[in-house]
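What follows is one structure encoded as structure tokens, with my remarks underneath.
In what follows, every heavy atom counts, from backbone to side chain, and hydrogens, waters and symmetry copies are set aside. Atoms within each ligand, like the ligands themselves, are counted from 1 in listed order.
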Amino acid sequence: MRIITIIGARPQFIKAAIVSYAIQQHNAQSSLPIEETILHTGQHYDYNMSQVFFDELQIPAPRWHLSCNGCTVTEMRDAIVPYIRGKADYVMVYGDTNSTLAGALAAEQCGIPIIHIEAGLRSYNNQMAEEYNRTETDRRSRYLFAPTHTAIENLRREGITKGVYHTGDVMQDATLFFTRQAEEHSEILQQSGIRDKEYYLATIHRAETTNDEEKLAHILSAFARITTPVILPLHPRTKGVINQSERLLSLVREATMLHIIESVSYLDMLVLERHAACILTDSGGVQKEAYFHRVPCITMREETEWVETTATGWNRLVGTDTERIVNAVKNLTMPETCISEYGDGHAADKIIAILCKNAY
Ligand code: UDP
């Protein structure tokens, strides 16, 4: 079976790492090997947003590396088509970025069936490009690997029931697989001069946050009122926006406990997450990773796709209001409840087993 994996953004590299590893494990034991070829769209291109993940997580090198940074989905689709036409039995895409939908549209144009990993998630916020990307990708997919039963229910409501499988979450696989390695190799705590549970970790990168100076200003004002050190590995988009605004720069200067660092590698991120007393984020993946490490999470959005994290109390949605963020930090709780939905760390193996059983 020939699969072309199309990826282009940070969270996809991490998910692809664990699935590529599962493919290699499968190939080592099976007479029905999977030939995986990776196409990198170039959506993320900075070293620490892209290549660092290939180096650190030993993701197979992309056979094709396009330069689609800043492209529209249509431009990206058109760039992908000539590389994949006639070359694969399946195209595999992850999550909800422009690379996801562009890969799915390119596959559709070439008549290649689509495998969507992390299918069925919905925030029901139609202002988010991610919501459009994931819904349109799901509509076109032959295999829909859903991390949760809620995702399956979301698909059912849209009339999609065929090819849908609950597999658990490949990001949990990645966290479980790489955490020991991270603890052994990462020196980020020492480098940052911080100690276990004596700091908070923050990430901000969603377009709906960074495109609105008011929202960013409210978040930074909250950080200025937090009396515990806040480590913020800064996404290049957020950095660009802050650097363009005198108002935001002055709020950063006021936030004396805020420590801004460059965005970090995955192993460093796992260590920063695991040792944080609390995580504040607008990221989808980081919300879950907080739970994987059993660290309370405050999500600076009004809705989440990962509803199990809020239902169990591990995650609180506070939007970008300064008071709500500060209050949430003052009222952190450590729930007892666990989430079984995300599986047992073998979601990627399940995906490969299902493909081999049904797709050969
Ligand atoms: N991440 C990372 N370094 C960072 C920030 C995040 O390796 O400096 C990882 C994080 O651990 C998670 C993934 O990137 O696995 C989340 O990606 P992101 O927040 O960019 O996207 P989202 O999950 O919101 O789609």
Side-chain angles (χ1 to χ4, degrees), residues 7-19 43-57 59 93-101 117-118 121-123 125 128-134 137 147 169-179 181-182 185-186 188 191-192 200-210 230-239 259-276 279-293 295 297 299-301 303-306 309 315 317 342 347-348:
I7 48 181
R10 175 169 67 188
Q12 293 165 340
F13 307 139
I14 294 158
K15 294 163 200 169
I18 208 76
V19 176
Q43 183 180 339
H44 283 169
Y45 59 94
D46 288 352
Y47 175 77
N48 57 354
M49 291 296 288
S50 172
Q51 189 57 40
V52 67
F53 299 101
F54 286 83
D55 294 347
E56 193 176 60
L57 310 182
I59 306 167
V93 293
Y94 292 85
D96 56 21
T97 73
N98 285 355
S99 295
T100 314
L101 181 55
I117 297 185
E118 226 179 50
L121 295 175
R122 297 290 180 267
S123 67
N125 175 352
M128 292 171 67
E130 290 89 345
E131 186 73 358
Y132 180 76
N133 292 341
R134 47 171 94 102
T137 300
D169 183 28
V170 294
M171 288 192 80
Q172 171 162 277
D173 294 13
T175 299
L176 295 174
F177 188 83
F178 288 112
T179 293
Q181 212 174 309
H185 297 292
S186 169
I188 190 77
Q191 281 163 6
S192 309
Y200 301 151
L201 174 69
T203 75
I204 318 167
H205 80 288
R206 290 267 168 181
E208 84 248 34
T209 321
T210 58
V230 178
I231 308 293
L232 175 61
L234 204 55
H235 190 284
R237 172 167 48 212
T238 320
K239 186 178 184 179
H259 302 279
I260 294 182
I261 59 176
E262 293 292 321
S263 53
V264 295
S265 77
Y266 182 59
L267 297 188
D268 284 346
M269 189 65 180
L270 287 179
V271 167
L272 283 174
E273 289 173 339
R274 193 171 161 78
H275 294 274
I279 294 178
L280 299 113
T281 190
D282 64 353
S283 156
V286 175
Q287 287 173 55
K288 262 180 312 160
E289 285 170 348
Y291 165 73
F292 300 152
H293 299 293
V295 172
C297 186
T299 294
M300 299 177 291
R301 284 171 50 191
E303 75 294 306
T304 180
E305 307 78 49
W306 303 105
T309 60
N315 186 14
L317 299 176
Y342 300 140

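Interatomic distance, CD1 of I18 versus CD of Q172, reported as 11.0 Å (0.5 Å rounding). Rounded to the nearest 0.5 angstrom, I231 CD1 and L280 CG are separated by 12.0 Å.
Interface atoms of ligand 1 facing G285, defined by a heavy-atom separation under 4.0 Å, are 22 (P), 23 (O). Using a 4.0 Å cut-off to heavy atoms of P233, the atoms of ligand 1 that qualify are 8 (O). Less than 4.0 angstrom separates some heavy atom of S263 from each of these atoms of ligand 1: 8 (O). Heavy-atom proximity to G284, at under 4.0 Å, picks out these atoms of ligand 1: 22 (P), 23 (O), 24 (O). Distances below 4.0 Å separate heavy atoms of E273 from the following atoms of ligand 1: 11 (O). Of all atoms in ligand 1, listed by their number and element, those nearer than 4.0 Å to a heavy atom of S265 are 7 (O).
Of the candidates T97, I14, V264, D268, the one placing a heavy atom closest to atom 8 (O) of ligand 1 is V264. Compare H205, M49, M171 by their heavy atoms: the one nearest to atom 21 (O) of ligand 1 is in H205.
Residue-environment remark: OH (Y132) stays at or below the threshold of 12 foreign heavy atoms within 6.0 Å.
The distance between the ring centers of F13 and Y266 does not fall below 6.0 angstrom.
Here K239 pairs with E262 in a salt bridge; the nearest charged N to carboxylate O distance falls below 4.0 Å. For the pair R134 and D96, the salt-bridge criterion is met [side-chain N within less than 4.0 Å of a carboxylate O]. Classification of E118 and K15 as a salt-bridged pair holds, one side-chain N sitting under 4.0 Å from a carboxylate O.
E303 and S123 get closest at one heavy-atom pair: CG-O, 3.4 Å.
Residue-to-ligand polar distances keep F53 apart from ligand 1: every N/O pair is separated by 3.5 Å or more.
Contacts with ligand 1 closer than 4.0 Å are made by no heavy atom of H235, backbone or side chain.
Looking only at protein heavy atoms, the nearest one to atom 11 (O) of ligand 1 is E289 OE1, 2.6 Å. Protein heavy atom closest to atom 19 (O) of ligand 1, with residue, atom name and distance, is S283 OG, 2.7 Å. Residue, atom and distance of the protein heavy atom nearest to atom 5 (C) of ligand 1 are R10 NH1, 3.2 Å.
With no hydrogens or angles considered, no side-chain donor-acceptor pair links E130 and T97 at under 3.5 Å.
Judged by the shortest distance from any of its heavy atoms, R206 lies inside the 4.0 Å radius around the atoms of ligand 1.
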